[in-house]
Amino acid sequence: MQKYLQKAITNQLTRASLAHFGQQLKPPVRVAITGAAGQIGYSLIFRVASGEMLGPNQPVILHLIDLPFAMTALNGVVMEIQDCAFPLVQGIVATDNQQVGFKDVNYALLVGAKPRGPGMERGDLLKDNGKIFTETGKYINDHASRDIKVVVVGNPCNTNCLILANQIKDIPKENFTAMTRLDHNRAQHQLADKLGVHTSDIRKIAIFGNHSPTMVPYIDQMTAKNHKATVDQQWVTQTFIPTVQQRGAEIIKARKLSSAASAGNAAMNHITTWVNGTAEGDYTSMAIPSDGSYGVPKGLIFSFPVTVKNGKYSIVQGLPISPFYQGLLDKTIKELVDERIAVDHLLK
Ligand code: NAD
Ligand code: LMR
């Protein structure tokens, strides 16, 4: 077993041979993925390695982290990465040791956690998964690069991120985020389908709140093909909102496993947008530490509409909130406040 651990594998492809492709390469960055031997890991790692997340000029050193029992499987993933001969992969660290795993890491996709099964809510995972993030927070604080950007995927992702961020002493709190991009993408698909346009034509929508059935898909400012677009309110309340809120459970029912490829895709989208910015006139959804905007208690990890520029996100202010949406916001705020109370012992 030991031979799999803390193994740094230097890819034989040198910067000189990459230059052969005519690319102006940036210095490599270190990308950590926890739960690397799991199903999201398998759908995510190869796309990150190919350059899809950080671009074709950005070499990566992959830090693949999982639990000791998963090291044999992880070694299989490492062999497959090697067998892809990815031009952008400059090294692989495969480990069950978080000190090694998070050393000098610039980006962390925190997937490692238990998924829910049929009939469970994501909040039911808090007891098992919450404590993972206390430990991970300490390792990130002590070993990661000070500019690290983190997205928590493992559920319940908002409150896991809260637990994680609480351990951080000397990295800015705004570098710790959780993923609601999957919900955003799901909403975009439902709306495009309803309006008969392409998903990329749907803009100015957002997810507020928790990644849970109380999430609030907000569409009052939606545009389709750059024009204000509306859909009938009955469809919104009876079909659209419940479909987006329950999509994860529907996928579990159908696959007997939770979403993996779409989740990995959304995690990559989250980081890509955080690095490259949002399109002019559009926004995205990220769960971030609340600054009190929209009456959300400060410090909760809450999904907001955000614009991103130069690697920094800003909450979109002043969106009109109807009494209908305010009612939904109050519910998701209450759920996150209750989750925070439930993990109070992990926040000391
Ligand atoms: P999986 O069971 O296939 O894989 C999880 C992996 O994490 C396993 O290999 C396991 O050994 C590893 N792991 C567990 N604890 C760890 C730790 N402390 N450190 C490192 N690795 C650890 O599960 P999956 O389908 O990949 O899902 C992972 C998580 O992502 C689940 O909590 C799931 O609910 C969540 N998820 C979130 C979203 C979202 O939108 N936020 C979407 C889909 C799934
Ligand atoms: C999802 O939304 O697909 C994930 O959070 C997995 C789940 O438990 O629903």
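Counting starts at 1 for both ligands and their atoms, in listed order. Because the structure is predicted, anything quoted here is derived from the model rather than measured.
- For Arg255, the side chain to side chain contact (heavy atoms under 4.5 Å, CB included) partners at least two apart in sequence or on another chain are Gln39, Ile251, Leu257, Ala260.
- Contacts of ligand 2 (protein heavy-atom distance under 4.0 Å) are Arg116, Arg122, Asn155, Leu182, Arg186, His211, Gly248, Ile252, Ser258, Ser259.
- For the side chain to side chain contact (heavy atoms under 4.5 Å, CB included) with Val153, the lone residue among Ile33, Leu110, Ile40 that qualifies is Ile40.
- Between Tyr42 and Phe46, the two ring planes are perpendicular [angle over 60°; tilted spans 30° to 60°].
- When the salt bridge (charged side-chain N to carboxylate O under 4.0 Å, His left out) test is applied to Lys298, no partner is found at least two apart in sequence or on another chain.
- Note that NE2 of His211 is 14.5 Å distant from CZ of Arg181, once rounded to the nearest 0.5 Å.
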N/O contact list for ligand 1, threshold under 3.5 Å:
| unit_1 | atom_1 | unit_2 | atom_2 | d |
| --- | --- | --- | --- | --- |
| ligand 1 | 3 (O) | Gln39 | N | 2.9 |
| ligand 1 | 9 (O) | Gly38 | N | 3.4 |
| ligand 1 | 9 (O) | Asp66 | OD1 | 3.4 |
| ligand 1 | 9 (O) | Asp66 | OD2 | 2.7 |
| ligand 1 | 11 (O) | Asp66 | OD1 | 2.6 |
| ligand 1 | 21 (N) | Gly35 | N | 3.4 |
| ligand 1 | 25 (O) | Gln39 | NE2 | 2.8 |
| ligand 1 | 26 (O) | Ile40 | N | 3.0 |
| ligand 1 | 32 (O) | Lys114 | O | 2.8 |
| ligand 1 | 32 (O) | Asn155 | N | 3.1 |
| ligand 1 | 34 (O) | Asn155 | ND2 | 2.8 |
| ligand 1 | 36 (N) | Asn155 | ND2 | 3.4 |
| ligand 1 | 40 (O) | His211 | NE2 | 3.1 |
| ligand 1 | 41 (N) | Val153 | O | 3.2 |

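- At a threshold of 4.5 Å between non-hydrogen side-chain atoms, the residues Asp96 and Ile65 do not count as touching.
- For Asp142 and Lys138, the salt-bridge test fails: no basic side-chain N is under 4.0 Å from an acidic carboxylate O.
- Aromatic ring centroids of Tyr218 and Phe208 lie under 6.0 Å apart.
- Looking at Asp170, Asn175, Asp104, Asn106 one by one, the single match for side chain to side chain donor-acceptor pair (under 3.5 Å) with Arg146 turns out to be Asp170.
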